[in-house]
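Note that this is a predicted model, so its numbers are computed, not measured.
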Amino acid sequence: MKQAVWLAAALMMLLPLGKVYSKERSERENNTLRIMSYNIRNGRGMDDMTDFRRTAEVINKVCPDVVAVQELDSVTGRSGGKDVLREIAGLTLMHHIYAPAIDYDGGKYGIGMLSKEKPLGYRYLSLPGREEARALLVVEFEKYIYCCTHLSLTEEDRMLSLPVIRQVAASANKPFFIAGDMNAHPDSEFIRQLKNDFVILTDMEKPTFPADKPDETLDYIAAYVKDTVAFTRISSRVWEEPAASDHRPILTDIIFNLGKEVTLRVLNAKGETLKRIEFIIDE
């Protein structure tokens with residue numbers, strides 16, 4: 001009988017600890033973000049077969065919270081009148097936003113974004129590109145802003161895009177991330193200049209193109225440098241997908257840093273509380 005009583009008491013003592021652990025784990029999960037970028041080449045793989053389902057399967061395997069997507073047709077003749085991003089959104093059960101860069105084959109060609117969370121708002125801006133116009137898609141979520149772009153093949157145009165990107169980042173009131181096919185190598189002047197204002201979150205030593213035998217790094221995920229105190233990078237990788245597109249997907253996991261609530265008490269000689277001060281400090 002005594003053993004049963006002691007066992008019940010021990011279990012009761014453990015319950016609060018379990019609740020605390022569960023709360024901490026839930027907070028961590030709610031503040032963890034998996035960011036992905038993928039140039040899907042309009043769903044056309046290295047075998048020259050267009051297969052939206054295969055593209056969606058890659059995204060579903062990665063299981064991201066948000067995806068910056070490049071090279072997207074919208075109701076073009078080339079894509080049989082289909083809205084490519086909408087097709088993939090339906091297969092991944094994600095929200096989608098499209099930003100056209102140019103008119104093409106009876107429709108549009110551009111970039112887009114997929115997300116589990118419903119965006120609060122978005123806008124897109126034109127960027128220079130002498131071979132074709134480029135775009136910058138800016139999407140706002142509850143805790144952050146994520147941008148997608150697919151920059152010009154010409155270094156001069158990429159450099160002209162930098163002031164636009166900097167201005168958008170500087171005006172953001174939340175942690176700001178940008179990703180996409182930058183069409184620039186890690187040792188290029190563009191990437192060197194980009195790193196003055198942004199921290200590259202992905203591994204620049206891991207090539208992303210071509211997908212079957214990658215030997216060039218063209219795809220990046222970056223964060224505005226002033227916002228790096230707001231989160232901690234957990235990991236990053238180039239996803240090993242050699243067939244679904246001519247680029248490999250990239251991803252990074254971050255966790256938003258939570259502030260700690262601190263309470264100070266002013267005591268008298270008897271140890272009685274005269275005043276209590278509560279404030280929050282960043283970890």
Side-chain angles (χ1 to χ4, degrees), residues 24-39 59 62-70 72 85 88-89 92-99 110-125 127 135-151 161-162 164-182 194-204 219-237 239 249-260 280-283:
E24 289 179 350
R25 183 174 62 181
S26 177
E27 287 180 351
R28 181 178 177 87
E29 289 173 351
N30 290 338
N31 285 283
T32 300
L33 186 70
R34 171 161 286 188
I35 306 171
M36 178 179 178
S37 180
Y38 196 11
N39 181 330
I59 295 171
V62 176
C63 197
D65 294 293
V66 64
V67 192
V69 189
Q70 303 90 54
L72 288 165
L85 187 61
I88 295 171
T92 57
L93 301 179
M94 301 177 86
H95 299 281
H96 69 285
I97 293 176
Y98 184 71
I111 57 178
M113 195 168 294
L114 298 168
S115 63
K116 290 181 179 178
E117 178 187 345
K118 185 177 180 180
L120 299 179
Y122 73 95
R123 61 187 173 117
Y124 56 87
L125 301 81
L127 295 178
L136 176 69
L137 174 61
V138 185
V139 184
E140 181 181 1
F141 297 94
E142 181 183 356
K143 296 179 181 178
Y144 65 97
I145 294 171
Y146 191 33
C147 293
C148 174
T149 193
H150 184 195
L151 296 180
S161 298
L162 258 180
V164 179
I165 295 170
R166 285 171 175 153
Q167 184 177 17
V168 173
S171 66
N173 59 356
K174 297 177 180 180
F176 182 95
F177 304 93
I178 185 170
D181 177 358
M182 307 285 187
L194 183 73
K195 290 196 293 183
N196 289 334
D197 301 278
F198 292 85
V199 175
I200 307 295
L201 300 179
T202 40
D203 189 348
M204 293 188 291
D219 306 87
Y220 305 84
I221 299 172
Y224 194 41
V225 67
K226 76 174 181 62
D227 295 324
T228 53
V229 295
F231 68 90
T232 300
R233 182 181 62 176
I234 301 170
S235 64
S236 66
R237 64 182 292 190
W239 193 264
I250 57 173
L251 64 133
T252 188
D253 292 309
I254 68 160
I255 183 168
F256 291 104
N257 296 330
L258 299 175
K260 283 187 175 180
I280 295 176
I281 60 172
D282 292 329
E283 292 183 318

Quick one: does [X]'s side chain get under 4.5 Å of [Y]'s, heavy atoms only?
X: Ile97; Y: Tyr124; value: no
X: Asp203; Y: Arg237; value: no
X: Val138; Y: Ile145; value: yes

Quick one: pull up [atom1] in [X] and [atom2] in [Y] and give me the separation to the nearest 0.5 Å.
X: Ile59; Y: Leu93; atom1: CD1; atom2: CG; result: 12.0 Å
X: Thr149; Y: Ile111; atom1: OG1; atom2: CD1; result: 5.0 Å
X: Leu33; Y: Ile234; atom1: CG; atom2: CD1; result: 9.5 Å
X: Leu201; Y: Ser236; atom1: CG; atom2: OG; result: 7.5 Å
X: Met182; Y: Asn39; atom1: CE; atom2: CG; result: 12.0 Å
X: Leu151; Y: Leu162; atom1: CG; atom2: CG; result: 8.5 Å

I'd like to know if the side chain of [X] and the backbone of [Y] have a donor-acceptor N/O pair within less than 3.5 Å.
X: Asn31; Y: Ile255; result: no
X: Thr252; Y: Met36; result: no
X: Tyr144; Y: Phe256; result: no
X: Asp65; Y: Glu117; result: no
X: Lys174; Y: Glu140; result: no
X: Thr202; Y: Ile221; result: yes

[X] to [Y] - nearest heavy-atom pair and separation:
X: Cys148; Y: Gln70; answer: SG-NE2, 3.6 Å
X: Lys143; Y: Pro175; answer: O-CD, 3.3 Å
X: Lys226; Y: Ala172; answer: NZ-O, 4.0 Å
X: Cys147; Y: Met113; answer: C-CE, 4.1 Å
X: Ser171; Y: Arg123; answer: OG-NH2, 4.3 Å
X: Phe231; Y: Ala223; answer: CZ-CB, 3.6 Å

Q | Residues Ser37, Tyr146; criterion side-chain contact (heavy atoms from CB on, under 4.5 Å); working and verdict | A | CA-CA 11 Å; Ser37 180; Tyr146 191 33; 4.3 Å; yes
Q) When you check the side-chain N and O atoms of Asp253 and Ser235, is any donor under 3.5 Å from an acceptor? A) yes
Q. Of Val69, Val67, Leu114, which meets side chain to side chain contact (heavy atoms under 4.5 Å, CB included) against Ile88?
A. Leu114
Q | Derivation and outcome, side-chain contact (heavy atoms from CB on, under 4.5 Å), residues Ile178 and Leu136 | A | CA-CA 9 Å; Ile178 185 170; Leu136 176 69; 3.9 Å; yes
(Q) Applying side-chain contact (heavy atoms from CB on, under 4.5 Å) to Ile200 and Lys195, what does each step give before you reach the verdict? (A) CA-CA 7 Å; Ile200 307 295; Lys195 290 196 293 183; 3.9 Å; yes
Q: Take Tyr220 and Leu194 through the side-chain contact (heavy atoms from CB on, under 4.5 Å) test and state the conclusion after the steps.
A: CA-CA 11 Å; Tyr220 305 84; Leu194 183 73; 5.8 Å; no
Q: Check the surroundings of atom OH in Tyr122: do more than 12 heavy atoms from other residues, nucleotides or ligands lie under 6.0 Å from it?
A: no
Q: Would you please indicate if the ring centroids of Tyr224 and Phe198 are separated by under 6.0 Å?
A: yes
